[in-house]
Amino acid sequence: MSNIRQQQPHPSKNENIVFETIKTIGLSLVLAFGVRTFVAEARYIPSGSMEPTLQINDRLIIDKVSYDFISPQRGDVIVFNPTKKLRSENYHEAFIKRVIGLPGETIEVKNGLVYINGSPLKENYLEAKPDYQWGPVIVPNNSYLVLGDNRNNSYDSHHWGFVPRNIIIGRAIVRFYPFN
């Protein structure tokens, strides 16, 4: 009996290239969607409420993972979905602001300064000192008080209230555009 191997026809080189290209594109799309959904995403700055720290049309990378392991800290620049009050006013896009008040703290704005539990907060990132009086208020559990760095031109917590932890998307970690 002869030992004749049955030969399977090999796919042509063109079929291999097409198949590999489809696999590569598919895997790239799955990875990109997974990273954007669960790890990090790019955002842009639509308003001047965070000036001078962030300018209109700056592009940022938002870390969506770290708050699964740690709590937001004072000074973090966070991105969050609109609160109930903001949604009732027809806001649907995410906001970006700086965390100022942590759960349980008493916050007051007076004489151009923010006070936390009676002590003035040192802030070297402001456009100008706040020209309004607000508070004192106690930040509820699982919520944060957020303010824009451009205090006098920012629609922030002193207008519409606190940000619940569960609507925080992530924190800004790097500005990647413009390149300077």
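For the pair Pro72/Ile168, a side-chain contact is recorded, criterion being any heavy-atom separation below 4.5 Å from C-beta on. Looking only at side-chain heavy atoms (C-beta outward), Arg59 and Ile45 stay at 4.5 Å or farther from each other. At least one side-chain heavy atom of Val77 sits under 4.5 Å from a side-chain heavy atom of Met50.
Each of Phe95 and Phe162 belongs to its own hydrophobic cluster when Ile, Leu, Val, Met, Phe, Trp and Tyr are linked at side-chain heavy-atom distances under 4.5 angstrom. Note on Leu121 and Leu126: same hydrophobic cluster, where clusters join Ile, Leu, Val, Met, Phe, Trp and Tyr whose side-chain heavy atoms are under 4.5 Å apart, directly or indirectly. No chain of hydrophobic side-chain contacts below 4.5 Å, direct or via other Ile, Leu, Val, Met, Phe, Trp or Tyr residues, connects Ile138 to Val99. Hydrophobic clustering (ILVMFWY, side-chain heavy atoms < 4.5 Å, transitive): Ile70 and Ile100 are in distinct clusters.
Note: Leu102 CG to Leu145 CG = 9.5 Å, rounded to the nearest 0.5 Å. To the nearest 0.5 Å, atoms NZ (Lys84) and CD1 (Ile167) are separated by 10.0 Å. The line from CG of Asp58 to CG of Leu60 is 6.5 Å long, rounded to the nearest 0.5 Å. One finds the OG atom of Ser49 at 11.0 Å from the CZ atom of Arg98 (value rounded to the nearest 0.5 Å). Within the model, atoms CG of Asp149 and OG1 of Thr53 stand 3.5 Å from one another, a figure rounded to the nearest 0.5 Å.
The two residues Thr83 and Val163 come nearest to each other via the heavy atoms CG2-CA, 4.3 Å. The two residues Pro120 and Leu113 make their nearest non-hydrogen contact at CB-CD1, 4.2 Å. The minimum heavy-atom distance between Asn90 and His92, with the atom names listed, is OD1-NE2, 3.2 Å. Considering all non-hydrogen atoms of both residues, Ile96 and Ala172 come closest at CD1-CB, 4.4 Å. Taking every heavy atom of both residues into account, Pro82 and Leu86 meet most closely at CB-CB, 3.8 Å.
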| said: One pair to check against side-chain hydrogen bond (donor to acceptor under 3.5 Å, both in side chains): Asp76 and Tyr144. What are the steps and the verdict? | reply: CA-CA 11 Å; Asp76 288 357; Tyr144 297 86; over 6 Å; no
| said: Pair Tyr67, Arg165 - check side chain to side chain contact (heavy atoms under 4.5 Å, CB included), show working. | reply: CA-CA 9 Å; Tyr67 289 155; Arg165 167 94 186 239; 4.1 Å; yes
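Applying the side-chain hydrogen bond (donor to acceptor under 3.5 Å, both in side chains) definition to pairs two or more places apart or across chains, those involving residues 102-116 are Arg74-Glu105.
Between the side chain of Gln73 and the main chain of Ser71, a donor-acceptor pair closer than 3.5 Å is present.
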List the atom pairs, donor and acceptor, that lie under 3.5 Å between side-chain atoms in residues 150-157 and the rest of the protein, sequence neighbours left out.
unit_1	atom_1	unit_2	atom_2	d
Asn150	OD1	Asn153	ND2	3.4
Asn150	ND2	Gly48	O	3.1
Arg151	NE	Gly148	O	2.7
Arg151	NH1	Glu123	OE1	3.1
Arg151	NH1	Glu123	OE2	3.1
Arg151	NH2	Glu123	OE2	2.6
Asn152	OD1	Asp131	N	2.7
Asn152	ND2	Lys129	O	2.9
Ser154	OG	Lys97	NZ	3.1
Ser154	OG	Gly148	N	3.4
Ser154	OG	Asp156	OD2	3.1
Tyr155	OH	Glu89	OE1	2.4
Tyr155	OH	Glu89	OE2	3.2
Asp156	OD1	His158	N	3.3
Asp156	OD1	His158	ND1	2.4
Asp156	OD2	Gly148	N	3.0
Ser157	OG	Val146	N	2.9
Ser157	OG	Val146	O	3.2
Ser157	OG	Gly161	O	2.7

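Residue-environment remark: CG (Asn117) exceeds the threshold of 12 foreign heavy atoms within 6.0 Å.
Among Ile78, Val79, Val174, the one residue that satisfies the side-chain contact (heavy atoms from CB on, under 4.5 Å) test with Ile62 is Val79.
Side-chain contact, Arg171 with Ser66: a donor N or O sits under 3.5 Å from an acceptor N or O.
Under the 30°/60° scheme for interplanar angles, the aromatic rings of Phe80 and Trp160 are found to be tilted.
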